[in-house]
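In this chain, numbering begins with 1 at the start of the sequence shown.
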Amino acid sequence: MYRIIDLTFRPYPAPLGNGDALMRPAYGYIPGAPILYEPISEHRTIADILGYYDTTHVMSGVQPGEIFTKGTLTTKPYATYVTYYNPEQKDPWEPKYISDIPATDLVGEYTLLDLREKVKPTGEITARLLKESSNGGIKTRILIIRTDYSKRRPPRPNPKYFQESPVLSMEAAEWLVSQGIRILASDVRTLDPRYASRSTEDIYGYLNRNGILVVEDLANLDVVEEHHDLFFVGFPLPIKTAIGGPARVFAVNMKNPTDFVDCSHTLDVYPDPIPDYDLPFIPPKTTRKLNEIGDYPNPLPGRIEPREQQGTTSKTARLTPFRMIDTAGNIIGDDMYIEYGHGTGTHIEAAFFDPWGRHAVPEEILRRYVRIPADRLVGEACLLDLSGSVGPLQQIDSMHLREADPGLRQGDIAVIRVDITDWYFYGSNPGMTPGLSPDAAMYLVEKGIRCLVLDFAVERTDPIPSSPIIKYTPNKIHYFLHKNDVPIVEWAVNLKLLRKTRFVLAIMALPASHQGGFPAHVIAVEKW
């Protein structure tokens with residue numbers, strides 16, 4: 001038996017004019033009806049609208065290394081993605097938005113139907129085809145349909161990829177609802193014929209209103225084998241009231257969890273590609289003339305945001321609903337723009353930025369972390385429980401870790417519990433976090449851990465500030481771990497719900513590139 005625990009913080013969206021709602025949430029805030037209409041034409045296609053993804057980088061204060069990514073994308077980005085909105089809840093405990101979906105619906109055994117020879121581009125997945133391929137019924141709560149359509153996926157968003165996508169018939173959707181599934185996943189660009197410009201049937205709405213999460217544009221289904229026995233679906237931006245977003249999906253061998261398949265397509269900036277360089281910065285050079293005032297020669301960003309506002313600048317989230325319409329004014333579908341900071345809730349950080357080389361991160365590590373390497377994201381985990389010995393603002397040293405260590409092994413994901421996020425995150429006090437001492441970080445590196453997961457921030461202010469709201473730090477602990485190939489997940493939640501010291505952990509990070517941090521959806525699975 002498996003026990004599944006979601007360790008991910010669900011941030012609130014901020015209304016306009018309130019940038020820090022995640023930290024000081026406007027409880028119950030829901031974005032209003034769409035005031036933005038996105039018209040589709042030959043000059044601006046559905047692929048252009050939904051594929052939009054823009055990022056920018058800012059420095060928090062003038063400390064090199066304190067660089068944060070801000071991003072904007074859509075609920076159906078050009079990557080693997082999820083769709084779920086159920087306004088007609090039949091049960092008050094039934095999820096309405098993706099942030100409400102319980103972890104037990106996101107992880108489980110699955111049925112994989114291979115329809116490669118039966119469904120071609122522009123084809124339709126019918127009820128008859130599903131019944132014949134499944135011998136009459138689906139016996140798991142997760143259904144994956146393989147067509148190999150995503151092998152045709154072009155490098156950049158393309159309307160043809162939408163238009164030729166195989167779609168699902170309404171009769172097939174009705175049959176799937178009768179089977180009681182909770183997730184329908186496929187490697188097509190869209191299962192909804194409206195988005196492929198082929199009919200007006202609202203397949204997303206029908207499936208979602210019947211409690212079925214839709215996952216699309218999967219990758220690598222050809223290498224999923226029978227021993228990959230559990231399917232994990234994560235959405236790194238589980239913002240309350242969001243109706244979709246980018247997904248990270250793994251098929252995991254639970255007997256050997258480092259043997260897994262990443263079933264997610266990557267996410268890239270569009271329409272303006274990131275410049276073709278290996279690293280995100282070059283040594284600072286000035287273009288100022290002798291008779292001009294100088295400025296900070298920041299390698300990558302030029303923008304500096306106040307350190308005192310870190311809770312707002314690095315952790316904000318916003319949703320902007322929009323409705324797509326064709327040239328005749330017909331509604332194609334309802335979606336949202338998602339704005340995020342890379343510290344929006346639970347997130348993973350790694351050594352991609354090291355401006356000026358001040359943290360001595362080897363170049364091969366900087367290159368390795370242009371994207372978070374998948375081999376850091378799934379594996380056996382070990383819990384070190386410090387909740388009874390460490391509190392706010394306290395420094396955690398190697399003695400704390402040694403006394404709490406129940407048997408940390410080389411290659412483990414180390415999980416450290418102090419219960420800070422659960423109690424303080426909404427209090428707008430990032431400075432209340434405890435943090436690791438240098439010798440504690442060295443202890444973990446000597447153990448050879450794969451990744452570090454915390455329900456606090458790894459860096460404690462040194463020295464303690466006069467105001468705990470402001471956290472000043474040179475990030476020396478971050479970068480010591482980073483240059484030793486250890487990424488860090490911060491602000492996890494619900495570690496108090498874990499009942500075992502050893503379990504399997506999946507860190508489903510945003511599959512983007514050229515960022516120092518990525519929102520992530522983290523799920524633990526205990527074997528009982």
Side-chain angles (χ1 to χ4, degrees), residues 2 4 76 80-98 100-120 122-147 149 165-196 198-218 221 224 226 229-233 235 243-244 247 249 251 263 333-334:
Y2 293 121
I4 303 164
K76 292 183 177 64
T80 305
Y81 64 99
V82 297
T83 300
Y84 187 85
Y85 174 50
N86 178 14
E88 301 176 7
Q89 299 159 285
K90 301 178 180 66
D91 179 332
W93 280 44
E94 194 171 51
K96 184 174 182 178
Y97 300 100
I98 60 166
D100 305 327
I101 298 175
T104 48
D105 283 348
L106 301 176
V107 178
E109 297 177 348
Y110 58 92
T111 299
L112 176 59
L113 296 185
D114 189 345
L115 304 185
R116 284 175 295 166
E117 302 303 319
K118 301 175 182 178
V119 177
K120 301 299 182 182
T122 71
E124 186 176 61
I125 301 169
T126 64
R128 179 179 177 181
L129 184 56
L130 293 176
K131 291 175 185 177
E132 291 175 351
S133 302
S134 63
N135 295 319
I138 309 297
K139 297 179 174 58
T140 60
R141 289 162 64 86
I142 300 175
L143 172 64
I144 306 170
I145 297 176
R146 177 185 174 190
T147 68
Y149 180 73
S165 177
V167 297
L168 192 72
S169 73
M170 183 57 75
E171 292 77 16
E174 292 169 349
W175 185 75
L176 290 174
V177 168
S178 74
Q179 298 299 294
I181 69 170
R182 302 298 289 178
I183 290 179
L184 172 61
S186 182
D187 57 1
V188 305
R189 179 58 172 123
T190 178
L191 288 164
D192 192 309
R194 297 174 303 159
Y195 286 76
R198 298 222 287 277
S199 88
T200 58
E201 289 185 313
D202 183 2
I203 295 297
Y204 288 135
Y206 180 77
L207 292 171
N208 291 170
R209 286 192 300 272
N210 284 279
I212 298 175
L213 173 72
V214 182
V215 186
E216 291 159 302
D217 218 356
L218 291 173
L221 294 184
V224 175
E226 189 174 345
D229 46 343
L230 282 196
F231 200 65
F232 287 69
V233 176
F235 20 91
I243 60 174
V249 179
C263 300
D334 295 334

Has the side chain of [X] got a donor or acceptor atom that lies under 3.5 Å from a matching backbone atom of [Y]?
X	Y	value
E216	L191	yes
Y149	T122	no
D187	T147	yes
D114	R116	yes
R198	S165	yes
T140	T111	yes
S186	I145	yes
T80	D217	yes

Considering non-hydrogen atoms only, spot the tightest contact between [X] and [Y] and give its length.
X	Y	value
E109	L230	N-CD2, 3.6 Å
K96	P87	CE-CA, 4.1 Å
I183	V233	CD1-CG2, 3.9 Å
N208	I212	ND2-O, 2.9 Å
L113	L130	CD1-CD2, 4.0 Å
A127	A172	N-CB, 3.5 Å

Sequence neighbours left out, what passes salt bridge (charged side-chain N to carboxylate O under 4.0 Å, His left out) with [X]? Give chain and number order.
X	result
R141	D105
D192	R194
E174	none

Rounded to the nearest 0.5 Å, what separates atom [atom1] in [X] from atom [atom2] in [Y]?
X	Y	atom1	atom2	result
I138	I181	CD1	CD1	7.0 Å
E94	R209	CD	CZ	12.0 Å
M170	D202	CE	CG	7.0 Å
E201	E171	CD	CD	6.5 Å
I98	Y85	CD1	OH	13.5 Å
I142	L213	CD1	CG	9.5 Å

I want to check something: taking the side chain as every heavy atom from C-beta on, are [X] and [Y] in contact at a cut-off of under 4.5 Å?
X	Y	value
I144	L218	yes
P95	R182	yes
W175	T126	no
L176	L168	yes

For Y204 and Y195, take the angle between the two ring planes, folded into 0 to 90°, and tell me which bin it lands in: parallel under 30, tilted 30 to 60, perpendicular over 60.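 Answer is perpendicular, since the angle exceeds 60°.
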Y84 ring center within less than 6.0 Å of Y97 ring center: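 No; Y84 has its ring centre 6.0 Å or more from that of Y97.
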Scan L112, V224, L106, V249 and name whichever one has a side chain to side chain contact (heavy atoms under 4.5 Å, CB included) with F231.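 With F231 as partner, L112, V224, L106, V249 yield a single side chain to side chain contact (heavy atoms under 4.5 Å, CB included), made by V249.
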In terms of heavy-atom contacts, does NZ of K139 have more than 12 from other residues, nucleotides or ligands at under 6.0 Å?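 Check fails, neighbour count at 12 or below.
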